[in-house]
Chemist: 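Please see the structure below; I have some questions.
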Amino acid sequence: MPLWPCRIRAQPEPIQRQTAVQGLQVRNRLVCRPPRPYNGAIFRNIFRFLGLGSMRASQYLIATLKETPSDAEVISHQLMLRAGLIRKVASGLYNWLPMGLRTLRKVERIVREEMDRSGAQEVLMPAIQPSELWQESGRWEQYGPELLRLRDRNDREFCVGPTHEEVITDMIRREVKSYKQLPANFYQIQTKFRDEIRPRFGIMRSREFIMKDAYSFHLGTESLQATYDLMYQTYNNIFNRVGLDFRPVLADTGSIGGNSSHEFHVLASSGEDDIAFSDSSDYAANVELAEALAPAGERAAATMDMHLVDTPDAKTIADLVKLHETPIEKTIKTLIVRASDECESDFVALLVRGDHELNELKAEKLALVAAPLTMASEDEFRPVIGAGAGSLGPVNMPIPCIVDRAVAMASDFGAGANIDGKHYFGINWGRDLELPQVADLRNVVEGDPSPDGQGTLSIRRGIEVGHIFQLGQKYSEALGATVLDENGKAKLMDMGCYGIGVSRVVASAIEQNHDEKGIIWPDAIAPFHVALVPLNYDKSDDVKALADRLYLDLQQAGYDVLLDDRKERPGVKFADMELIGIPHRVVISDRGIAAGTLEYKGRRDSENQDIAIDQLLATLADKLSI
RNA sequence: CGGAGUGUAGCGCAGCUUGGUAGCGCAUCUGGUUUGGGACCAGAGGGUCGUAGGUUCGAAUCCUAUCACUCCGACCA
């Protein structure tokens, strides 16, 4: 009998983990198929087939290093090298050694199972793609040097695929003819290549990487939205099963456009993106996107007269605060940017509070502001305003001003006087000058109210491991991918696109789960579940007999076991197993056998625990969640 | 692409200023002693000093070019 259908039938419900995304997975709980009854016996039994198998350490490549290679910057890169999971072949290119590949395969398997469960169909497309398709979509020109292009012996042009919209759209326009075949969702787990300007952080930002990409096809945006929601749920299931602390966050739809887009971020201090999320709701967004609400309440009444002060040494907000003892929230930064054609002036002044940062995305969406956002140079604006960058402000500003919501709420504030070396203090809107146009101009900061009205925002770093978004008809239109509708008329398909950086998930799991001794794998993706560490395996017949027996018993029970039968001293074995990050360790010794016990230690535990030999399976069943 | 830096044994590094023909620790192999937290002793193997050219009696060392890698920045469906 083929194994594959058995697998599907025997799948357990995804394990709900309380540790990750508290409360988030309840959102839009979509049931794609009736839940199957959980049958522990079948699960356990079948798991034997699902496991990657057990190994004896003496016959396995344990490529641990004592010292950290000098070019490894982030912790996941260092530990992946030290634990012998990967080795660098060239910049941004890595070998996966056996130990690392096991984890990669386990992540892949979880992704595959959950994608299959959602009803998506697995395909495999070529890594090398013909230029013709990219020319059809227009991306042959659009995509910069990040697209690795090459020629074959016949001088035809190809690229190494960084993504597969063109190929899948081409495939579907040939195969799918009728609305009756929709909706449909196709995915692959494949090697991608992006010729990054600067690969770094090891597997986190390599040039070649493994990605799960899925593309869905629809007639109508409602159907697209339904599959989008299903993928949103599927991604939550996947990252919960992997065992990561993550957040789905609202993301910029970027150059593709479309209605909505979510990125899935693993929270880790080494992340490259800032994520803002509410402390009391499921709101989360890329900091670039999070709306900065107006401060609550009324503007405070004026208590000072506006007065001009000589500030020859205050070129920056920091100087102003230091030299003139002004609270930073009472200062205003004035930034001059190029104006759009709609504006009668060449420039526009954008005002944010001294302690806030301009959000360029928000600014360039304003009608009066030229996109892309371009800061004006002092040479350009000095003739118009008559002052340099350190002395700008709203009072007597000859060009249109747009002020941030927080600026609009300020009173008694200080700002440049548009005269070199002078600032006004005690400025108040309405009394000293008219309040100009108000807009959301700034990045949110820690402690701001959440845009959904519930709670306040925290900001943490995140590693993007997944991204889902709606492509709409961009590619179906470019490539002419149509189906016939009920009336026999050709209609362009709507498309969605859903990616997971599979190899990056491995690195991000380490970023989130490690200590000074090494990696601490979540059970679900650990290369081995249990490290069996016999002491004196080569000398003691009792130890050897028991270790061999337990090795078989644990395999029977469905665990992936690494039996460390190497002729090494105990300290070496312990250190290696901890560095590699095997989450459960069982030590077998003559001393223990005499007392009828084994020693159990979870990777995060600080103390060993003696357990009766016949209690091992029960203990592991209790400690291990797979 | 701009800025900075590094290339010496599998890994981490010294040697370079002041040229004299390569060394340390870890790892590996052999023998012995050890054996509950990365052992010890004795011995061994392993290097075109990134590459090419130049200066010199002589270059890891000085000069020139070049390649690779790393870091910071710009970039990132």
Chemist: Is there a donor and acceptor pair closer than 3.5 Å between the side chain of A:R194 and the base of B:rA77?
Modeler: yes
Chemist: Scan side-chain atoms only and decide if A:R139 and A:Y475 contain a donor-acceptor pair under the 3.5 Å cut-off.
Modeler: yes
Chemist: When the ring planes of A:Y60 and A:F528 are compared, do they come out parallel, tilted or perpendicular, using 30° and 60° as the limits?
Modeler: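 A:Y60 and A:F528: perpendicular rings.
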Chemist: Under 4.0 angstrom, heavy atoms only, what part of the nucleic acid is A:E578 near: base, sugar-phosphate, or nothing?
Modeler: base
Chemist: Across all strands, who's sitting opposite B:rC75 as a Watson-Crick or G-U wobble pair, both distances under 3.5 Å?
Modeler: none
Chemist: Using atom CZ of A:F193 as one end and atom P of B:rC76 as the other, report the distance to the nearest whole Å.
Modeler: 18 Å
Chemist: For A:E165, report the nucleic acid contact type (base, sugar-phosphate, nothing); a contact means any heavy atom under 4.0 Å.
Modeler: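 Result for A:E165 = nothing.
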Chemist: Return a single string for nucleotides 44-50 of chain B, one symbol per nucleotide in 5' to 3' order, where B is base contact, S is sugar-phosphate-only contact and - is none, cutoff 4.0 angstrom on heavy atoms.
Modeler: -------
Chemist: Would you mind telling me which residue lines up with the more 5' stretch of RNA chain B, A:E67 or A:T64, judged by nearest nucleotide?
Modeler: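 Result of the comparison: A:E67.
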Chemist: Does A:Q512 reach the main-chain N or O of A:L267 with its side chain, forming a donor-acceptor pair under 3.5 Å?
Modeler: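 Checking the backbone N and O of A:L267 against the side chain of A:Q512, a donor-acceptor pair under 3.5 Å is found.
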Chemist: Does the structure show a Watson-Crick or G-U wobble partner for B:rU34, both distances under 3.5 Å? Name it, or say none.
Modeler: none
Chemist: Mark yes when over 12 heavy atoms from residues, nucleotides or ligands other than A:E360 sit less than 6.0 Å from its CD; otherwise mark no.
Modeler: no
Chemist: For the rings on A:F264 and A:Y235, is their centre-to-centre separation under 6.0 Å?
Modeler: yes
Chemist: Taking A:K573 for its side chain and A:P534 for its backbone only, find out whether a donor-acceptor pair lies under 3.5 Å.
Modeler: yes
Chemist: Examine the side chains of A:T227 and A:N185 and answer whether a donor and an acceptor come within less than 3.5 Å of each other.
Modeler: no
Chemist: For B:rG38, does either OP1 or OP2 sit under 4.0 Å from a side-chain N or O belonging to A:K573?
Modeler: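 Indeed not, no polar side-chain atom of A:K573 lies that close.
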Chemist: Could you run down the sub-3.5 Å N/O contacts of the protein with nucleotides 69-73 of chain B?
Modeler:
from   : atom 1 : to     : atom 2 : distance (Å)
B:rC69 : O3'    : A:K88  : NZ     : 3.0
B:rU70 : OP2    : A:S91  : OG     : 3.2
B:rC71 : OP2    : A:R198 : NH1    : 3.4
B:rC72 : OP2    : A:R198 : NH1    : 2.9
B:rC72 : OP2    : A:R198 : NH2    : 2.4

Chemist: Considering residues at least two apart in sequence or located in another chain, which fulfil the side chain to side chain donor-acceptor pair (under 3.5 Å) criterion with A:E136?
Modeler: A:R173
Chemist: Have a look at A:L535 and say if it touches a base, only the backbone sugar-phosphate, or nothing, with a 4.0 Å heavy-atom cut-off.
Modeler: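 Base contact.
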Chemist: Which part of the nucleic acid, if any, lies within reach of A:R585 when heavy atoms closer than 4.0 Å are counted: base, sugar-phosphate only, or nothing?
Modeler: base
Chemist: Just name whichever nucleotide pairs with B:rG5, Watson-Crick or G-U, keeping both distances under 3.5 Å, else none.
Modeler: B:rC69
Chemist: What nucleic acid atoms does A:M211 come within less than 4.0 Å of, heavy atoms only: base, sugar-phosphate, or nothing?
Modeler: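 Base: the residue A:M211, judged by heavy atoms under 4.0 Å, touches a nucleobase.
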Chemist: I'd like to check A:L244 versus A:S508 (side-chain heavy atoms, cut-off strictly below 4.5 Å). Are they in contact?
Modeler: yes
Chemist: Taking the side chain of A:R139 as heavy atoms from C-beta outward, which of B:rC11, B:rA77, B:rA39 is closest to it?
Modeler: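 For the A:R139 side chain, the nearest candidate turns out to be B:rA77.
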